[in-house]
Visitor: 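Take a look at this one; I'll ask things after.
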Amino acid sequence: MIILALDTAGVDCAASVYDSSRNTVLGEASDMIGKGHAEHLIGIVDRALDQAGVALSDIERIAVTIGPGSFTGIRVGVAAARGFALSLGVPAVGVTTLAIMAEAERQRSPGKAVLAAMDAKRNEIYLQAFDADGAPLDDARAATVEEAQAFAASFDGAITGSATPLLRPDATGEHANHFPISIAARLGAAADPSVGKPKPLYLRGPDAKPQAGFAIARV
């Protein structure tokens with residue numbers, strides 16, 4: 001299956017073409033632009049397709065990052081994914097930013113559970129825990145810094161993302177909400193298209209997903 005993955009949820013505007021049958025990234029393009037995803041996305045997609053040597057008509061599934069992240073960027077990516085899917089007659093699936101970040105960390109730290117944590121500012125953190133196989137242990141949610149710190153203190157595993165220094169003050173190195181777009185493509189290949197069209201994942205504001213409580217994940 002040939003998958004086109006899109007990411008406009010953060011400062012990057014990125015696309016990847018992935019062949020799941022061969023577990024091979026055929027082409028990808030990414031620019032760190034900060035803003036202006038709507039104006040840049042089609043050009044990024046064209047670059048990824050050209051590198052892959054495939055036509056848009058060859059794409060069999062669209063995957064898109066659905067957040068959390070930039071409110072405007074997420075809407076651009078989801079709208080584009082739905083448009084491509086409709087015009088091509090193929091399914092579109094959403095992949096959360098937190099799941100992608102956790103998978104990237106699992107590749108760096110195999111065999112460990114992972115807590116993906118993004119600094120949401122305003123004394124909040126977006127976070128979600130995943131087991132050593134990448135399965136979610138809880139729902140993505142927004143928590144106060146104090147709540148997230150209490151959760152992290154009981155979490156036995158790796159922590160990744162821009163909120164890492166807030167949760168583990170002794171953390172060293174660079175901590176950013178950054179990941180290879182190819183991971184979004186791979187997770188998109190494994191996603192279930194029957195769950196419906198991808199929708200933005202908002203964890204704050206009137207469109208926020210209802211929270212399912214704040215249980216400690218046992219890992």
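Quick caveat: nothing in here was measured; it's all calculated off a predicted structure.
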Visitor: Would Asn23 and Arg186 satisfy side chain to side chain contact (heavy atoms under 4.5 Å, CB included), going step by step from the backbone distance to the final call?
Guide: CA-CA 8 Å; Asn23 189 24; Arg186 288 187 171 94; 3.2 Å; yes
Visitor: So how far is it from Leu127 CG to Ile159 CD1, rounded to the nearest 0.5 Å?
Guide: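 If we round to the nearest 0.5 Å, Leu127:CG and Ile159:CD1 are 9.0 Å apart.
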Visitor: Give a yes or no answer on whether the side chain of Gln51 reaches the backbone of Glu28 with a donor-acceptor pair at less than 3.5 Å.
Guide: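 Yes, because the side chain of Gln51 sits within donor-acceptor range (under 3.5 Å) of the backbone of Glu28.
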Visitor: Could you check whether Arg141 makes a cation-pi contact with Phe151, meaning its NZ or CZ is under 6.0 Å from the centre of the six-membered ring and within 45° of the ring axis?
Guide: yes
Visitor: Between Leu49 and Val17, is any pair of side-chain heavy atoms under 4.5 Å apart?
Guide: yes
Visitor: Without swapping roles, check the side chain of Asp7 against the backbone of Ala9 for a donor-acceptor pair under 3.5 Å.
Guide: yes
Visitor: Does any non-hydrogen side-chain atom of Ile66 lie less than 4.5 Å from one of Val64?
Guide: yes
Visitor: Between the side chain of Glu147 and the main-chain N/O of Thr144, is any donor-acceptor distance below 3.5 Å?
Guide: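 It does hold such a pair.
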Visitor: To the nearest 0.5 Å, what is the distance between CG (Asp31) and CG (Leu41)?
Guide: 11.0 Å
Visitor: If you count the non-hydrogen atoms of other residues, nucleotides and ligands that lie under 6.0 Å from CZ in Arg122, is the total more than 12?
Guide: no
Visitor: When you measure from the side chain of Arg61 to the backbone N and O of Val90, does any donor-acceptor pair fall under 3.5 Å?
Guide: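 Side chain of Arg61 to backbone of Val90, a donor-acceptor pair under 3.5 Å: no, none is there.
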Visitor: Please check this pair: side chain of Thr97 against backbone of Pro68, looking for a donor-acceptor N/O pair closer than 3.5 Å.
Guide: yes
Visitor: Is the shortest distance from a Lys or Arg side-chain nitrogen in Lys112 or Asp131 to a carboxylate oxygen in the other one below 4.0 Å?
Guide: no
Visitor: Looking only at non-hydrogen atoms, find the nearest pair between Phe130 and Leu98 and report the distance.
Guide: CE1-O, 3.8 Å
Visitor: Salt bridge (charged side-chain N to carboxylate O under 4.0 Å, His left out) for Asp50 and Arg47? Distances and angles first, verdict last.
Guide: CA-CA 5 Å; Asp50 287 346; Arg47 282 165 49 190; over 6 Å; no
Visitor: Strictly distance-based, threshold 3.5 Å: is any side-chain N or O of Arg82 a donor or acceptor partner for the main-chain N or O of Pro198?
Guide: yes
Visitor: Treating Asp133 as the side-chain partner and Ala135 as the backbone partner, does any N or O pair qualify as donor plus acceptor under 3.5 Å?
Guide: no
Visitor: May I ask you to check whether Ser162 and Asn177 show a side-chain donor-acceptor distance below 3.5 Å?
Guide: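 Short answer, yes.
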Visitor: What is the minimum heavy-atom distance between Leu201 and Gly67, and which atoms define it?
Guide: CD2-O, 3.7 Å
Visitor: How far does CG of Leu6 sit from OG1 of Thr8, to the nearest 0.5 angstrom?
Guide: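 The CG atom of Leu6 sits 7.5 Å away from the OG1 atom of Thr8.
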Visitor: Show the numbers, then the answer: is there a side chain to side chain contact (heavy atoms under 4.5 Å, CB included) between Gln128 and Thr96?
Guide: CA-CA 10 Å; Gln128 187 174 16; Thr96 72; 4.2 Å; yes
Visitor: Minimum heavy-atom separation for Asp138 and Ala129, please, with both atom names.
Guide: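 Reported closest heavy-atom pair: OD1-N, 2.9 Å.
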Visitor: Over all heavy atoms of both residues, which pair between His37 and Cys13 is shortest? Give the atoms and the distance, please.
Guide: CD2-CB, 3.8 Å
Visitor: Show your working on side chain to side chain contact (heavy atoms under 4.5 Å, CB included) between Thr72 and Lys35 and close with a plain yes or no.
Guide: CA-CA 9 Å; Thr72 302; Lys35 298 180 180 180; over 6 Å; no
Visitor: For Asp12 and Ala14, indicate whether the former's side chain and the latter's backbone hold a donor-acceptor pair under 3.5 Å.
Guide: no
Visitor: For the side chain of Asp119 and the backbone of Lys121, is there at least one donor-acceptor N/O pair under 3.5 Å apart?
Guide: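 A pair under 3.5 Å: yes.
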Visitor: Find out whether Leu167 and Phe155 are in side-chain contact, i.e. whether some heavy atom of one side chain is under 4.5 Å from a heavy atom of the other.
Guide: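 The answer is no; the side chains never approach within 4.5 Å.
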Visitor: With sequence neighbours excluded, what pairs up with Arg106 under the salt bridge (charged side-chain N to carboxylate O under 4.0 Å, His left out) test?
Guide: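 Per chain and number, Arg106 pairs via salt bridge (charged side-chain N to carboxylate O under 4.0 Å, His left out) with Glu103.
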Visitor: Is Tyr18 isolated, or which residues cluster with it under the ILVMFWY side-chain rule of less than 4.5 Å, directly or via members?
Guide: Met1, Ile3, Val25
